[in-house]
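All values reported here derive from a predicted model rather than from experimental measurement.
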Amino acid sequence: MSIEIDNADKVFFPDAGYTKGDLADYYQRISAEMLRHIENRPLTLHRFPDGIAGVNFIQKSVQDHYPDWIKRVTVDKEDGEITHALAGDADTLAWLVDQGTIAFHVWLSRADKPHYPDRLIFDLDPPGDDFDLVVKAARCVRERLDGLGLQAFVMTTGSSGLHVVVPLDRSADFDTVRDFAERVAEQLADEHPDNFTTAHRKDKRHGRLYLDIRRNAYAQTGIAPYSLRAKPGAPIATPLDWDELSDAEIGPQRFHLGNIFRRLGQRDCPWAEIDRHRQSLSAAIRQFDD
DNA sequence: CGTCAGG
DNA sequence: CCTGACGGCTCGAGT
DNA sequence: ACTCGA
Ligand SMILES: [Mn+2]
Ligand SMILES: [Mn+2]
């Protein structure tokens, strides 16, 4: 099937001149790489029907006018149920782009086991735009996880920070995973009290980088790998190799619609093997308890 | 962007 | 007919 | 019970 894009020439990124058609082409072309990471995850859409300069809204529920070939899952919410669309195939992404979706946010679990995440995310949120501090934090998190026998991956978010991601084997529920992440984050904040904090409230961060582990919960989301962000220049959340953090050009918006395919033409996706490294936290948690 | 209630 | 509102939650932690 | 924050 091929999705027809209405108003394909409508400009969605006025600064860079990218149109809705350009976005549909991008997601079509990246879909094989992207879907590996997000297939069967419930979607939360960030929609901008008139581009990044227009009004926007977040959408979780499948609407009545969605075509029935878009896969969906009905999950529990606090008071009742909600039906989310699922990332299933390139046509789904294209159809949702036609509806004005720019950014795709995804659950940390998949539809067949929604209470058991297969990703743990350390979200590194700098004060302002201090990216050197983000890099320092990412390396600290990685080193600590490595000491606990866990392999971690890193990606730019396209916004201001990085995500450090641990693939999981879905043996632990969200509470278990979040408790573990919290202990790691608090230990690092204790060791670097001038640089890092776990304080949720902004007025207690005092210019420090926030080690945010609170997205590791049921029905919470993270920006999807290879999602565009609705920001000038069309930055893309891009999986990295760890050694790329040393590059002079590195930054949270290093990759974008204008250079992502040059990059992927030169190297494979650094996360190509991520799901072959799905890990249990059990040993790491035991090590912590000793 | 699509739908719907209200003017 | 046109205009405006709506689309989203959750979830946990802190106060 | 309400607010914060993503
Ligand atoms: Mn962040
Ligand atoms: Mn955050």
Answer yes or no on whether A:Arg208 is positioned over the face of A:Phe196, meaning its NZ or CZ is under 6.0 Å from the six-membered ring centre and within 45° of the axis.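 Geometry flag: not set, cation outside 6.0 Å or 45°.
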Could you walk me through whether A:Ser159 and A:Thr157 pass the side chain to side chain donor-acceptor pair (under 3.5 Å) check? CA-CA 5 Å; A:Ser159 183; A:Thr157 62; 4.8 Å; no
For the residue pair A:Arg47 / A:Gln59, report whether a side-chain donor-acceptor contact shorter than 3.5 Å exists.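 Distance-only check passes for A:Gln59 and A:Arg47.
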P gap between C:dG8 and D:dG5, integer Å: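 About 24 Å, rounded to a whole number of Å.
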If we take the C1' atom in both C:dC9 and D:dC4, what is their distance in whole Å?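 Looking at atom C1' only, C:dC9 and D:dC4 are 15 Å apart.
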For DNA chain C, find the residues of residues 218-226 of chain A with a heavy-atom distance under 4.0 Å and give them by number; none if there aren't any.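 By residue number: A:Tyr218, A:Ala219, A:Gln220.
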Would you mind listing every salt bridge (charged side-chain N to carboxylate O under 4.0 Å, His left out) that reaches into residues 62-74 of chain A, with sequence neighbours excluded?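 Output for this query is empty, none listed.
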Check whether the ring centres of A:Phe122 and A:His163 lie less than 6.0 Å apart, and answer yes or no.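 Not close enough - the centres of the two rings lie 6.0 Å or further apart.
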Are A:Trp242 and A:Phe153 an aromatic pair by the rule of ring centers under 6.0 Å?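 No; A:Phe153 has its ring centre 6.0 Å or more from that of A:Trp242.
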Nearest whole Å is fine: how far is B:dC4 P from A:His65 NE2?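 A:His65 atom NE2 is separated from B:dC4 atom P by 10 Å.
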Rounded to the nearest angstrom, tell me the gap between atom CD in A:Gln59 and atom P in B:dG2.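 Going from CD in A:Gln59 over to P in B:dG2 covers 12 Å.
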Outermost DNA chain D nucleotides near chain A [under 4.0 Å, heavy atoms]: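 With heavy atoms of chain A under 4.0 Å away, the range is D:dC4 to D:dA6.
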Salt bridge (Lys or Arg N to Asp or Glu O under 4.0 Å) against A:Arg267, all qualifying residues, sequence neighbours excluded: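 Residues passing salt bridge (Lys or Arg N to Asp or Glu O under 4.0 Å) with A:Arg267: A:Asp241, A:Glu244.
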Answer with base, sugar-phosphate or nothing: what part of the nucleic acid does [X] contact at a heavy-atom distance below 4.0 Å?
X	value
A:Asp50	sugar-phosphate
A:Lys77	sugar-phosphate
A:His200	base
A:Ile82	sugar-phosphate
A:Arg178	sugar-phosphate

Do the side chain of A:Trp271 and the main chain of A:Val154 share a donor and acceptor less than 3.5 angstrom apart?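 The answer is yes, because a donor-acceptor pair under 3.5 Å joins these two groups.
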If I compare all heavy atoms of A:Pro117 with all of A:Leu168, which pair ends up nearest, and what's the gap?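 Looking at all heavy atoms of both residues, the shortest contact is O-CB, 3.6 Å.
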Side chains of A:Leu145 and A:Val166 in contact at under 4.5 Å (non-hydrogen atoms):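 Sidechains of A:Val166 and A:Leu145: in contact.
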Can you give me the first and the last nucleotide of DNA chain C (5' to 3') that has an atom within less than 4.0 angstrom of a non-hydrogen atom in chain A?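 Contacts span C:dG7 to C:dT15, reading 5' to 3'.
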A:Phe174: what forms a ring pair (Phe, Tyr, Trp, His ring centres under 6.0 Å) with it, not counting sequence neighbours?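 Testing A:Phe174 for ring pair (Phe, Tyr, Trp, His ring centres under 6.0 Å), a comparison that skips the adjacent residues, returns none.
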